[in-house]
S.K.: 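My structure is below; once you've seen it, I'll send some questions.
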Amino acid sequence: MLFRPWVTPVLALRYHPTRRRFPLLRNTVAAVALITYRRCYGIPVAVVSWSFNSIPRVRNSMMEPRFDLNGNEFGAKIGKRFANTSMAIMGSSLPKSLQELVELRASQINGCGYCVDAHSKELAAAGEPPVRINLVAAWRESTVFTEAECAALALAEEGTRLADADHGVSDETWAQVRKHYDDDQVAALVYLVAMINAANRLLVITRTKGGSYEPGTFERVAN
């Protein structure tokens, strides 16, 4: 993976399923299913519009981001700065799997559906065993992570939950991080935690939903 999720304000909206054109059959079935579901549960029927070739397209406001950061000139300009930070962190000696684990844990805590979807899929595509992906949320109660990985995950949790504790990142956690990583890796980890939290907030605020991410998307865009 060559791009981190904090560049998703630039990329995620571009690859959201509502921005794709579906084949006639799938599109028609989706429209009928959604209308039927909403009528059964008393939910207002989604707006169904017609494209230039008369293919019905469902515009479900629950799936569409509320704001397109990539479609705004100023937002896109800032997004490029995010991408530059991504490339710098990516160039560190931190294992790519560790970066994904840290990003996944922070995204779980922040409830960022897009980032949880992206990082769990990237880990799976890279060959991570399902047991490790499934236990990221409960890493303290598992036996499948190394001491170094646990130190990084603890930093991710405490660095994300600043408002939930009066100590911020504890001295104990910091000591474990220093034990397992050199200065460059520590710097990369600190920026990694900060940037994934920024990405989570950007995507949650704009309501960019998870479920549509395809492994390798960031790599393809980066190349």
Side-chain angles (χ1 to χ4, degrees), residues 1-12 78-112 114-129 132-204 213 218-219 222:
M1 176 178 176
L2 298 181
F3 254 49
R4 304 259 67 80
W6 50 78
V7 298
T8 53
V10 180
L11 305 178
I78 298 174
K80 291 180 180 179
R81 277 39 175 199
F82 269 63
N84 290 336
T85 304
S86 167
M87 297 298 292
I89 296 174
M90 204 180 62
S92 74
S93 58
L94 286 177
K96 294 300 183 288
S97 61
L98 178 67
Q99 294 184 39
E100 296 287 353
L101 291 171
V102 166
E103 290 162 340
L104 175 57
R105 186 64 193 118
S107 300
Q108 290 171 337
I109 295 171
N110 288 325
C112 181
Y114 188 91
C115 292
V116 169
D117 182 39
H119 293 294
S120 59
K121 287 177 179 176
E122 288 291 355
L123 282 165
E128 280 291 334
R132 278 170 53 85
I133 300 174
N134 294 337
L135 285 174
V136 168
W139 65 270
R140 295 178 187 273
E141 306 299 326
S142 67
T143 60
V144 298
F145 301 103
T146 66
E147 286 188 6
E149 289 172 335
C150 288
L153 288 169
L155 179 68
E157 285 192 351
E158 294 179 18
T160 297
R161 289 175 164 156
L162 294 178
D164 298 338
D166 57 5
H167 58 70
V169 175
S170 67
D171 291 338
E172 178 183 358
T173 293
W174 187 251
Q176 287 298 309
V177 170
R178 295 296 291 164
K179 174 183 176 181
H180 294 286
Y181 301 100
D182 62 31
D183 287 354
D184 288 347
Q185 291 174 325
V186 170
L189 271 173
V190 171
Y191 274 104
L192 181 66
V193 173
M195 296 303 287
I196 184 59
N197 271 275
N200 291 162
R201 282 153 176 76
L202 288 167
L203 295 173
V204 170
Y213 184 83
F218 296 125
E219 181 176 353

S.K.: Could you give the distance from CG (Leu155) to SG (Cys150), rounded to the nearest 0.5 Å?
M.R.: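 One finds 13.0 Å between CG of Leu155 and SG of Cys150.
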S.K.: Of the non-hydrogen atoms in Glu158 and Ser170, which two are nearest, and what is the gap between them?
M.R.: OE1-N, 2.7 Å
S.K.: Between CG of Leu101 and CG of Leu94, what distance do you get to the nearest 0.5 Å?
M.R.: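 Rounded to the nearest 0.5 Å, the CG-CG separation comes out at 11.5 Å.
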S.K.: Just by modelled atom types, is the Cys112 backbone N or O under 3.5 Å from a matching donor or acceptor in the Asn200 side chain?
M.R.: no
S.K.: Can a donor-acceptor pair be found between the side chains of Trp139 and Glu149 at a distance below 3.5 Å?
M.R.: no
S.K.: Could you walk me through whether Glu157 and Thr173 pass the side-chain contact (heavy atoms from CB on, under 4.5 Å) test, one step at a time?
M.R.: CA-CA 10 Å; Glu157 285 192 351; Thr173 293; over 6 Å; no
S.K.: So which atom in Ser142 and which in Leu135 form the shortest heavy-atom distance, rounded to 0.1 Å?
M.R.: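 Minimum heavy-atom contact is CB-CD1, 3.7 Å.
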S.K.: Minimum heavy-atom separation for Val116 to Gln108, with atom names?
M.R.: CG2-N, 3.7 Å
S.K.: To check you understand the geometry: which heavy-atom pair defines the closest contact between Tyr181 and Ala148, and what is its length?
M.R.: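 Scanning both residues completely, I find the closest heavy atoms to be OH-O, 2.6 Å.
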S.K.: Can you tell me how far CD of Glu122 sits from CD of Glu103, rounded to the nearest 0.5 angstrom?
M.R.: 10.0 Å
S.K.: Tell me, yes or no, whether the heavy-atom count around Asp164 atom CG, taken from other residues, nucleotides or ligands under 6.0 Å, exceeds 12.
M.R.: yes
S.K.: Taking all non-hydrogen atoms of both residues into account, name the closest pair between Leu162 and Gly168 and its distance.
M.R.: CD2-CA, 4.0 Å
S.K.: What distance separates Thr85 OG1 from Met90 CE, expressed to the nearest 0.5 Å?
M.R.: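 Reported to 0.5 Å precision, the distance equals 12.0 Å.
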S.K.: Of all the heavy-atom pairs spanning Ala156 and Val193, show the shortest one and how long it is.
M.R.: CA-CG2, 3.9 Å
S.K.: Test of understanding: with side-chain contact (heavy atoms from CB on, under 4.5 Å), list the residues that count as partners of Glu128, not counting sequence neighbours.
M.R.: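 Here the qualifying residues are Ser97, Leu123, Arg132, Ile133.
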S.K.: If you look only at pairs with a residue in residues 183-195, which of them pass as a salt bridge (charged side-chain N to carboxylate O under 4.0 Å, His left out), with sequence neighbours excluded?
M.R.: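 Salt bridge (charged side-chain N to carboxylate O under 4.0 Å, His left out) check on residues 183-195 returns Arg178-Asp183.
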S.K.: Nearest 0.5 angstrom please: His180 NE2 to Leu98 CG, how far?
M.R.: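 If I round to the nearest 0.5 Å, the distance is 11.5 Å.
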S.K.: To the nearest 0.5 Å, how far apart are CD in Glu100 and NZ in Lys121?
M.R.: 13.5 Å
